[in-house]
Amino acid sequence: MAKVAFLGMGVMGYPMAGHLLKHGHEVTVYNRTMAKAQAWVSEYGGRCCATPKAAAEGQDIVFACVGNDDDLRQVVAGEDGAIHGMAAGAVFVDHTTASADVARELAALLAAKGIAFLDAPVSGGQAGAEKGVLTVMVGGDANVFAAVKPVMTAYARSAELLGDTGSGQLAKMVNQICIAGVVQGLAEALSFAKNAGLDGEKVVEVISKGAAQSWQMENRYKTMLKGEYDFGFAVDWMRKDLGIALNEARRNGSTLPLTALVDQFYAEVQAMGGSRWDTSSLMARLQKCQDK
């Protein structure tokens with residue numbers, strides 16, 4: 001069993017840290033809002049610390065799942081960042097969805113102190129985190145990954161090394177590009193079915209058995225048909241992720257017309273007051289356009 005810290009008690013980190021403790025690891029947590037970390041300790045046990053540095057002291061592995069590049073820099077290398085508490089030979093595992101650039105930047109910073117780094121963004125959303133069935137896309141050293149993977153199994157159904165540092169973040173961009181297109185297609189299909197006078201649920205029951213099937217279809221079509229959008233990954237976070245992907249695309253010469261279009265559709269959802277709606281709320285935008 002490992003001694004670990006988990007930095008970030010959001011909708012993902014809170015249950016992920018809980019799974020680590022349930023699997024017998026010694027867990028210390030940190031959250032920017034201390035009350036959330038204290039609530040975690042009350043629910044699961046373990047302990048909490050007031051700074052990333054204090055949480056990281058003496059740990060074999062430090063996990064993090066925070067908001068964005070700047071949040072990640074702060075918990076790693078800020079005045080009270082984890083780097084100041086970690087010892088040589090420890091490993092920092094970043095589950096934040098961030099840029100490949102910040103992964104490489106922090107890997108170099110940590111390496112100078114003899115600390116290994118894995119960029120390891122996850123897919124599966126809040127439900128996947130709560131059930132402990134996340135998919136983890138990893139970049140970094142193969143030997144480091146081999147050592148950490150058994151610990152990740154506490155909350156991951158699948159964890160795969162995809163290349164050098166930054167590869168995990170690049171793979172997560174691929175993931176988000178795919179989701180954006182699928183959700184828009186599903187929203188258009190359900191809207192079309194409704195306007196054509198079809199029973200949307202019956203149609204999906206049929207087509208989900210064929211080539212049109214997707215995770216989004218299986219898990220979101222009923223709530224989309226009802227106009228309910230309080231399930232899973234928020235629009236604000238999806239726009240953050242798509243922005244990262246579009247920036248990387250400009251750099252590597254990729255053309256992402258559909259991704260750019262869906263990103264703008266999500267901007268319209270934000271303008272409708274849907275910043276915290278889940279990503280299936282593209283359906284709400286279509287409905288508003290048709291009601292004009």
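Position 1 is the first residue of the sequence, and the numbers go up from there.
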Least distance between heavy atoms, M217 atom then A212 atom: CE-O, 3.4 Å

Nearest non-hydrogen partners of N175 and S123, listed with the distance: ND2-OG, 3.4 Å

Side-chain donor or acceptor of H19 paired with backbone N/O of A129 under 3.5 Å: yes

Heavy-atom check, side chain of Y221 versus side chain of E201, under 4.5 Å: yes

Connected via hydrophobic side-chain network under 4.5 Å: M173 and L134: no

Residues that T255 engages under side-chain contact (heavy atoms from CB on, under 4.5 Å), provided they are two or more places apart: P257

No-hydrogen, no-angle side-chain donor-acceptor test under 3.5 Å, S99 and D101: no

Polar side-chain atom of W40 near backbone of Y14 as donor-acceptor pair, under 3.5 Å: yes

R73 atom CZ, over 12 foreign heavy atoms within 6.0 Å: yes

Heavy-atom check, side chain of R276 versus side chain of D236, under 4.5 Å: yes

Residue pair E228, K222: steps toward the salt bridge (Lys or Arg N to Asp or Glu O under 4.0 Å) verdict: CA-CA 9 Å; E228 298 173 352; K222 288 185 179 181; over 6 Å; no

Evaluation steps, side chain to side chain donor-acceptor pair (under 3.5 Å), between Q126 and E130: CA-CA 6 Å; Q126 183 177 349; E130 291 172 351; 3.0 Å; yes

Contact check, side chains of K3 and H25, non-hydrogen atoms, under 4.5 Å: no

Backbone of H84 reached by a side-chain donor or acceptor of K53 within 3.5 Å: no

Side-chain heavy-atom pair L162, V138 within 4.5 angstrom cut-off: no

Side-chain heavy atoms of L225 within contact of L190, under 4.5 Å: yes

Under 3.5 Å donor-acceptor, D119 side chain and A103 backbone: no

Cluster check F265, M272: I/L/V/M/F/W/Y, side chain < 4.5 angstrom: yes

Connected-component partners of I83 among ILVMFWY, side-chain separation under 4.5 Å: L7, Y30, V62, V66, L72, V75, V76, M86, F92, V102, L106, L109, L110, I115, F117

Check against side chain to side chain donor-acceptor pair (under 3.5 Å), D291 and Q287: CA-CA 6 Å; D291 289 344; Q287 189 63 53; 3.1 Å; yes

Under 3.5 Å side-chain donor-acceptor pair for E248 and N252: no

Side-chain donor/acceptor of E26 to backbone N/O of Q59, under 3.5 Å: no

Distance-only side-chain donor-acceptor flag, S191 / Q290, under 3.5 Å: yes

Validation row: E160, S158 side chains within 4.5 angstrom (heavy atoms): yes

Heavy-atom pair of closest approach, residues C48 and M34: SG-CE, 3.5 Å

Pair T28-R47, side-chain donor/acceptor within less than 3.5 Å: yes

Minimum heavy-atom distance V29-A17, with the two atoms named: CG1-CB, 4.1 Å

Test item: K172 side-chain N/O and G168 main-chain N/O as donor-acceptor pair under 3.5 Å: no

Polar side-chain atom of T33 near backbone of K36 as donor-acceptor pair, under 3.5 Å: no

Pairwise side-chain contact, Q184 with E188, heavy-atom cut-off 4.5 Å (strictly under): yes

Expected output: side-chain S281 to main-chain W277 donor-acceptor under 3.5 Å: no

Contact summary for G140 and L161, nearest pair of heavy atoms: O-CD1, 3.6 Å

R220 side chain reached by D278 side chain, heavy atoms, under 4.5 Å: yes

Side-chain (T51) to main-chain (A54) donor-acceptor, under 3.5 angstrom: yes

G85 backbone acceptor or donor facing E57 side chain under 3.5 Å: no

Donor + acceptor pair across side chains of H95, Y155 (<3.5 Å): yes

D164 CG: over 12 foreign heavy atoms closer than 6.0 Å: no

